[in-house]
Amino acid sequence: MATFVCVHGAFQGGWVFRNTADALFSLGHAVHSPTFSGCGHHRGRLAKDLGLADYVRELTAYLELYDLRDVILVAHSYSGIVCAAAMPGLLPRLAAFVSLEGIIPKPGASFADLGGEPFRAMLAARRLDDDLVSPWPAAMFGVAGAPDEDWFMSRLAPFPMAAFTDPVPADELVFPAKHHYVRCLDNPNPMLAAMAERARGLGFSMHELRTGHCPQITVPVDVARLLAAIAENGAP
């Protein structure tokens with residue numbers, strides 16, 4: 001049995017892994033899906049004062065408080081930055097790392113730095129009062145037309161601008177010996193296509209799913225099977 005800690009992306013919450021977690025449970029694995037402050041059932045805490053460092057502390061505290069060890073850490077989308085920034089402190093607790101089309105940062109750079117001017121313009125267009133950002137449209141999440149589109153979109157919450165603009169520490173990135181990247185082939189986003197190439201260059205084991213950017217929503221059982229295969233034998 002493996003222990004997975006699945007970390008959600010921007011605007012979301014641990015709820016986003018519900019169906020994948022159920023499928024992993026049925027395969028005999030344990031699953032944790034923490035929710036960051038200001039997100040999901042924690043949206044009662046105003047997110048405007050939160051940033052990358054807060055999420056790094058929360059993720060680290062979660063693994064410590066539950067005394068989780070030999071963990072397969074799964075980062076989706078934005079949370080790739082959180083996991084990378086937290087990685088030096090988490091390494092002793094990890095068996096492997098899986099980036100589910102996650103962002104792989106560059107030392108000293110922010111998410112907005114990686115996205116460049118097009119992403120900064122989108123952030124500015126979706127900026128709300130109190131330095132919050134409104135969720136992207138369904139198509140950007142890759143869930144447009146999916147059976148669970150309405151369920152997914154109704155649960156999103158505004159996300160703090162600082163989470164996108166805070167730089168990661170300038171230290172060199174570190175990962176467990178076993179580190180994997182999952183590319184979603186139906187996602188046309190050039191930034192995420194570039195992330196897959198960056199992962200390949202960093203020596204990640206590469207995997208593919210024929211779906212959009214949120215496979216835990218569109219093909220949750222396929223995600224569970226892939227994660228289980230990674231846990232059992234490093235994946236086919």
Peer 1: Just do the ring pair (Phe, Tyr, Trp, His ring centres under 6.0 Å) check on Tyr55 and Phe159 with the steps written out, would you?
Peer 2: CA-CA 12 Å; Tyr55 294 147; Phe159 205 61; 5.6 Å; yes
Peer 1: What distance separates Phe152 CZ from Phe11 CZ, expressed to the nearest 0.5 Å?
Peer 2: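 Going from the CZ atom of Phe152 to the CZ atom of Phe11 covers 9.5 Å.
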Peer 1: Leu91 and Val56: same hydrophobic cluster, using ILVMFWY side-chain contacts below 4.5 Å?
Peer 2: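 Yes, Leu91 connects to Val56 through the hydrophobic network.
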Peer 1: Measuring only between side-chain heavy atoms, which start at C-beta, is Ser110 closer than 4.5 Å to Asp166?
Peer 2: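 No, their side chains stay 4.5 Å or more apart.
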Peer 1: Please find the pair of heavy atoms, one from Leu59 and one from Pro34, that lie closest to each other, and give the distance.
Peer 2: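 Reported closest heavy-atom pair: CD1-CG, 4.5 Å.
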Peer 1: Can you tell me if His42 uses its side chain to pair, donor with acceptor, with the backbone of Cys39 under 3.5 Å?
Peer 2: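 Looks like no, no N/O pair under 3.5 Å.
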Peer 1: For the atom pair CG (Leu185) and OG1 (Thr211), what is the distance rounded to the nearest 0.5 Å?
Peer 2: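 Atom-to-atom, Leu185:CG and Thr211:OG1 are 9.5 Å apart.
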Peer 1: Would a distance-only check, ignoring hydrogens and angles, find a side-chain to backbone donor-acceptor pair under 3.5 Å from Ser99 to Gly102?
Peer 2: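 Checked: pair present.
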Peer 1: Taking Ser154 for its side chain and Asp150 for its backbone only, find out whether a donor-acceptor pair lies under 3.5 Å.
Peer 2: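 Answer holds: yes.
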Peer 1: Of the non-hydrogen atoms in Ala228 and His29, which two are nearest, and what is the gap between them?
Peer 2: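 That would be CB-NE2, 3.7 Å.
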Peer 1: Any side-chain to backbone donor/acceptor pair from Asn189 onto Met191? Under 3.5 Å, distance only.
Peer 2: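 Between the backbone of Met191 and the side chain of Asn189 there is a qualifying donor-acceptor contact (under 3.5 Å).
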Peer 1: Phe141 and His213: aromatic ring centres closer than 6.0 Å?
Peer 2: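 Centroid distance Phe141-His213: not below 6.0 Å, so no.
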Peer 1: Hey, are the side chains of Ile104 and Phe204 touching, using non-hydrogen atoms and a 4.5 Å cut-off?
Peer 2: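 In contact.
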Peer 1: Do His32 and Tyr66 have side-chain N/O donor and acceptor atoms under 3.5 Å apart?
Peer 2: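 Distance-only check fails for His32 and Tyr66.
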Peer 1: As an exercise, state the distance from CE of Met122 to CD of Glu117, rounded to the nearest 0.5 Å.
Peer 2: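 One finds 12.5 Å between CE of Met122 and CD of Glu117.
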Peer 1: Would you indicate whether the side-chain heavy atoms of Leu173 and Lys106 approach each other to under 4.5 Å?
Peer 2: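 Answer no - side chains too far apart.
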Peer 1: For residues Leu27 and Leu226: do they belong to one hydrophobic cluster (side chain heavy atoms under 4.5 Å, members Ile, Leu, Val, Met, Phe, Trp, Tyr)?
Peer 2: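 No, no single cluster joins them.
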Peer 1: Taking Gln12 for the side chain and Ala10 for the main chain, is one N or O donor matched with an acceptor at less than 3.5 Å?
Peer 2: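 At least one qualifying donor-acceptor pair exists.
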Peer 1: Using ring pair (Phe, Tyr, Trp, His ring centres under 6.0 Å), reason through Trp136 and Phe164 one step at a time and then give a plain yes or no.
Peer 2: CA-CA 13 Å; Trp136 321 135; Phe164 295 112; 5.7 Å; yes
Peer 1: So, taking the atom named CD in Glu101 and the one named CD in Gln216, what distance separates them when rounded to the nearest 0.5 Å?
Peer 2: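 Answer rounded to 0.5 Å: 10.0 Å.
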Peer 1: Could you walk me through whether Arg120 and Asp113 pass the side-chain contact (heavy atoms from CB on, under 4.5 Å) check?
Peer 2: CA-CA 8 Å; Arg120 290 184 184 277; Asp113 292 333; 2.4 Å; yes
Peer 1: Which heavy atom in Gly212 sits nearest to a heavy atom in Asp186, and how many Å separate them?
Peer 2: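 Answer, listing the atom of Gly212 first, then Asp186: N-CB, 4.0 Å.
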Peer 1: Would you confirm whether Arg126, through its side chain, and Val133, through its main-chain N or O, come within 3.5 Å as a donor-acceptor pair?
Peer 2: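 Here the side-chain-to-backbone pair does not exist.
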Peer 1: Do Leu114 and Met195 pass the side-chain contact (heavy atoms from CB on, under 4.5 Å) test, and can you show the C-alpha distance, the side-chain angles, and the key distance before you say yes or no?
Peer 2: CA-CA 10 Å; Leu114 295 175; Met195 283 297 128; 4.1 Å; yes
Peer 1: Are side-chain heavy atoms of Arg93 and Glu64 found at a separation under 4.5 Å?
Peer 2: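 A side-chain contact exists here, since the closest heavy-atom pair is under 4.5 Å.
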Peer 1: Could you tell me if the side chain of Cys6 sits less than 4.5 Å from the side chain of Val31, heavy atoms only?
Peer 2: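 A side-chain contact under 4.5 Å exists here.
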Peer 1: Among residues at least two apart in sequence or on other chains, which ones pass side chain to side chain donor-acceptor pair (under 3.5 Å) with Arg200?
Peer 2: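 Checked Arg200 against side chain to side chain donor-acceptor pair (under 3.5 Å); zero matches.
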Peer 1: May I have the list of side-chain donor-acceptor pairs in residues 13-23 shorter than 3.5 Å, sequence neighbours left out?
Peer 2:
unit_1	atom_1	unit_2	atom_2	d
Thr20	OG1	Pro220	O	3.1

Peer 1: Just so I know, are the side chains of Val5 and Leu68 near enough to count as touching, which here means a heavy-atom distance under 4.5 Å?
Peer 2: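 Counting from C-beta outward, Val5 and Leu68 do come under 4.5 Å.
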Peer 1: Within a strict 4.5 Å, meaning less than it, do heavy atoms of the Ile72 and Leu227 side chains meet?
Peer 2: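 Side-chain contact under 4.5 Å: no.
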Peer 1: I would like to know whether Phe119 and Phe111 meet ring pair (Phe, Tyr, Trp, His ring centres under 6.0 Å); could you show each step before the answer?
Peer 2: CA-CA 9 Å; Phe119 184 76; Phe111 189 120; 4.7 Å; yes
Peer 1: Between Leu50 and Ser37, which heavy-atom pair has the shortest distance, and what is it?
Peer 2: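 Smallest interatomic distance, heavy atoms only, reads CD1-O, 3.2 Å.
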Peer 1: Would a 4.5 Å heavy-atom cut-off, applied to side chains only, mark Val7 and Leu73 as touching?
Peer 2: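 Of all side-chain heavy-atom pairs linking Leu73 with Val7, at least one is under 4.5 Å.
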Peer 1: Looking only at heavy atoms, what is the nearest atom pair of Met87 and Pro176, with distance?
Peer 2: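 That would be SD-CD, 4.0 Å.
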Peer 1: What are the two closest non-hydrogen atoms of Cys214 and His76, and how far apart are they?
Peer 2: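 Nearest pair, atom of Cys214 first, then His76: SG-CE1, 3.6 Å.
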Peer 1: For the hydrophobic clusters of this structure (ILVMFWY residues joined by side-chain heavy atoms under 4.5 Å, transitively), does one cluster hold both Val221 and Ile230?
Peer 2: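 Val221 and Ile230: separate clusters.
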Peer 1: How long is the span from the CE atom in Met161 to the CG atom in Leu128, to the nearest 0.5 Å?
Peer 2: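 Answer for the CE-CG pair, Met161 versus Leu128, is 8.5 Å.
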Peer 1: Closer than 3.5 angstrom, by distance alone: can the side chain of Tyr78 be matched with the main-chain N or O of Ala163 as a donor-acceptor pair?
Peer 2: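 Checking the backbone N and O of Ala163 against the side chain of Tyr78, a donor-acceptor pair under 3.5 Å is found.
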Peer 1: Rounded to the nearest 0.5 Å, how far does OG of Ser77 lie from CG of Leu192?
Peer 2: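 OG of Ser77 is found 6.0 Å from CG of Leu192.
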Peer 1: Are the side chain of Thr60 and the backbone N or O of Arg57 linked by a donor-acceptor pair below 3.5 Å?
Peer 2: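 Between the backbone of Arg57 and the side chain of Thr60 there is no qualifying donor-acceptor contact (under 3.5 Å).
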Peer 1: Taking Arg198 for the side chain and Ile103 for the main chain, is one N or O donor matched with an acceptor at less than 3.5 Å?
Peer 2: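 No, Arg198 side chain to Ile103 backbone: no donor-acceptor pair under 3.5 Å.
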